[in-house]
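Proteins come first, then strands; the chains are lettered A, B, ... in the order of their sequence lines, and each starts at number 1.
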There are 2 protein chains.
Amino acid sequence: MLKTAIEMDRAAMILRLLGDKTRLTMVKILDSHDCCVCEFVEIFKVSQPSISQHLRKLKDVGLVKEERRGQWIFYSVNKSNEYYPFVSQILSQLPDQDDKLNELEKQGTRITCC
Amino acid sequence: MLKTAIEMDRAAMILRLLGDKTRLTMVKILDSHDCCVCEFVEIFKVSQPSISQHLRKLKDVGLVKEERRGQWIFYSVNKSNEYYPFVSQILSQLPDQDDKLNELEKQGTRITCC
DNA sequence: TTATTATATAATGATTTGCTTATATATACA
DNA sequence: TGTATATATAAGCAAATCATTATATAATAA
């Protein structure tokens with residue numbers, strides 16, 4: 001077994017985490033753009049606590065990190081996380097989600113503070 | 001968006017399917033060796049219906065196929081399935097599980113009919 | 001200071017999941 | 001043919017999941 005291979009139980013845990021359409025799309029978006037909670041609320045049309053809970057799960061395994069900027073808390077992918085190489089390979093096979101952020105731009109609800 | 005990219009909801013569905021340690025290990029094993037139900041029962045130490053139910057889920061999305069050989073039903077990965085390229089890339093990042101089958105050989109519980 | 005905005009957490013409930021045991025079906029063997 | 005073996009399906013149950021509403025906390029604006 002390669003030293004670099006992810007363990008099966010860790011891999012299953014990560015796949016289960018990504019096996020939710022909302023979280024998977026979040027991570028795909030965050031892989032190329034920082035976003036704050038309210039942007040995700042707008043994109044996914046679910047309640048703010050629901051978004052916060054998804055982000056919490058991603059943060060709990062260290063896959064995303066948060067950073068306060070004024071009134072907002074921005075999330076980004078933690079590319080130095082041990083699971084990132086595994087996740088990154090998966091994300092690379094997914095269609096880019098730029099249309100979601102472009103939609104926010106058009107609506108004027110994209111947050112571009114700081 | 002690339003024509004070849006898997007849709008987000010399909011991707012999430014596949015990841016959720018693989019996001020179970022038993023199923024993930026099954027698919028990893030099946031990717032290189034056909035196996036029958038009773039071998040998985042031996043490997044995973046869970047009930048036979050539990051194994052059958054996992055295989056059913058994998059079969060329902062077309063990721064594995066079955067073939068009767070005498071008294072046994074052998075399962076294998078359906079490499080022509082539309083999701084196989086996506087899955088294959090994930091499997092390639094996992095440690096090989098040959099030790100599981102080697103263990104069966106040692107115990108003499110490997111099925112090598114037909 | 002008070003009101004507003006952004007976010008997190010707690011509590012709750014419906015649905016899904018993954019196991020179990022019991023049972024049905026199909027093949028193989030004596 | 002009758003019995004054993006391999007597998008599938010059904011039913012039941014505990015735990016996990018994902019949403020919601022209510023509430024708490026922190027920063028900003030008036």
Between [atom2] of [N] and [atom1] of [X], the distance in whole Å:
{"X": "B/Met26", "N": "C/dG18", "atom1": "CE", "atom2": "P", "result": "12 Å"}
{"X": "B/Glu66", "N": "D/dT9", "atom1": "CD", "atom2": "C1'", "result": "13 Å"}
{"X": "A/Glu67", "N": "D/dA27", "atom1": "CD", "atom2": "P", "result": "14 Å"}
{"X": "A/Asp20", "N": "C/dT15", "atom1": "CG", "atom2": "P", "result": "17 Å"}
{"X": "A/Trp72", "N": "C/dA8", "atom1": "CH2", "atom2": "P", "result": "15 Å"}
{"X": "B/Phe74", "N": "D/dT5", "atom1": "CZ", "atom2": "P", "result": "17 Å"}
{"X": "B/Met13", "N": "C/dT16", "atom1": "CE", "atom2": "C1'", "result": "16 Å"}
{"X": "A/Asp60", "N": "C/dA8", "atom1": "CG", "atom2": "P", "result": "12 Å"}

When you get a sec, tell me which of [options] is the closest nucleotide to the side chain of [X]?
{"X": "A/Gln53", "options": "C/dA11, C/dT7, D/dC18", "value": "C/dA11"}
{"X": "A/Arg68", "options": "D/dA27, D/dC18, D/dA8", "value": "D/dA27"}
{"X": "A/Ser47", "options": "C/dG18, D/dT20, D/dT9", "value": "D/dT20"}
{"X": "A/Val37", "options": "D/dC18, C/dT7, D/dA6", "value": "C/dT7"}
{"X": "A/Val46", "options": "C/dA28, D/dT20, C/dC19", "value": "D/dT20"}

Between [N] and [X], is there an OP1 or OP2 to side-chain N/O distance shorter than 4.0 Å?
{"X": "A/Tyr75", "N": "C/dA6", "value": "no"}
{"X": "B/His54", "N": "C/dT17", "value": "no"}
{"X": "A/Ser52", "N": "C/dT7", "value": "no"}
{"X": "A/Arg23", "N": "D/dC18", "value": "yes"}
{"X": "B/Arg56", "N": "D/dA8", "value": "no"}

Name the atoms and distances for all side-chain donor-acceptor pairs under 3.5 Å in residues 12-23 of chain A, with sequence neighbours left out.
{"from": "A/Arg16", "atom 1": "NH1", "to": "B/Gly19", "atom 2": "O", "distance (Å)": "2.7"}
{"from": "A/Asp20", "atom 1": "OD1", "to": "A/Thr22", "atom 2": "N", "distance (Å)": "3.0"}
{"from": "A/Asp20", "atom 1": "OD1", "to": "A/Arg23", "atom 2": "N", "distance (Å)": "3.0"}
{"from": "A/Arg23", "atom 1": "NE", "to": "A/Leu17", "atom 2": "O", "distance (Å)": "2.7"}
{"from": "A/Arg23", "atom 1": "NH1", "to": "A/His54", "atom 2": "ND1", "distance (Å)": "3.0"}
{"from": "A/Arg23", "atom 1": "NH2", "to": "A/Leu17", "atom 2": "O", "distance (Å)": "3.4"}

field: Heavy-atom donor-acceptor pair, B/Gln48 side-chain to D/dA8 base, under 3.5 Å
entry: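 Result: at least one qualifying N/O pair found.
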
task: Using a 4.0 Å heavy-atom cut-off across all strands, classify A/Lys57 as base, sugar-phosphate, or nothing.
output: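 Here A/Lys57 touches the backbone only, sparing every base.
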
query: Taking the nucleotide of DNA chain D with the closest heavy atom to each, which residue, A/Arg16 or B/Leu55, is nearer the 5' end?
result: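 Counting from the 5' end, the first nearest nucleotide belongs to B/Leu55.
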
- prompt: Without hydrogens or angle criteria, can the side chains of B/Ser80 and B/Asn78 be said to hold a donor-acceptor pair below 3.5 Å?
  reply: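 Looking only at side-chain atoms, B/Asn78 and B/Ser80 do form a donor-acceptor pair, the distance falling under 3.5 Å.
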
task: Find the distance between CD1 (A/Ile51) and CZ (A/Arg56) and round it off to the nearest 0.5 Å.
output: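 If we round to the nearest 0.5 Å, A/Ile51:CD1 and A/Arg56:CZ are 15.5 Å apart.
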
message: Taking B/Glu66 first and then B/Arg68, would you say they form a salt bridge - that is, a charged N and a carboxylate O separated by under 4.0 Å?
response: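 Looking at B/Glu66 and B/Arg68, the cut-off is not met.
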
message: Can you tell me if B/Lys106 has over 12 outside heavy atoms packed within less than 6.0 Å of its NZ?
response: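 Atom NZ in B/Lys106 is not crowded, with 12 or fewer foreign heavy atoms closer than 6.0 Å.
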
field: Test item: A/Gln53 side-chain N/O and A/Ser50 main-chain N/O as donor-acceptor pair under 3.5 Å
entry: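 Between the backbone of A/Ser50 and the side chain of A/Gln53 there is no qualifying donor-acceptor contact (under 3.5 Å).
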
message: Both A/Pro49 and A/Gln71 contact DNA chain C. Which one's nearest nucleotide lies toward the 5' end?
response: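 With A/Pro49 and A/Gln71 compared, the 5'-side residue is A/Gln71.
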
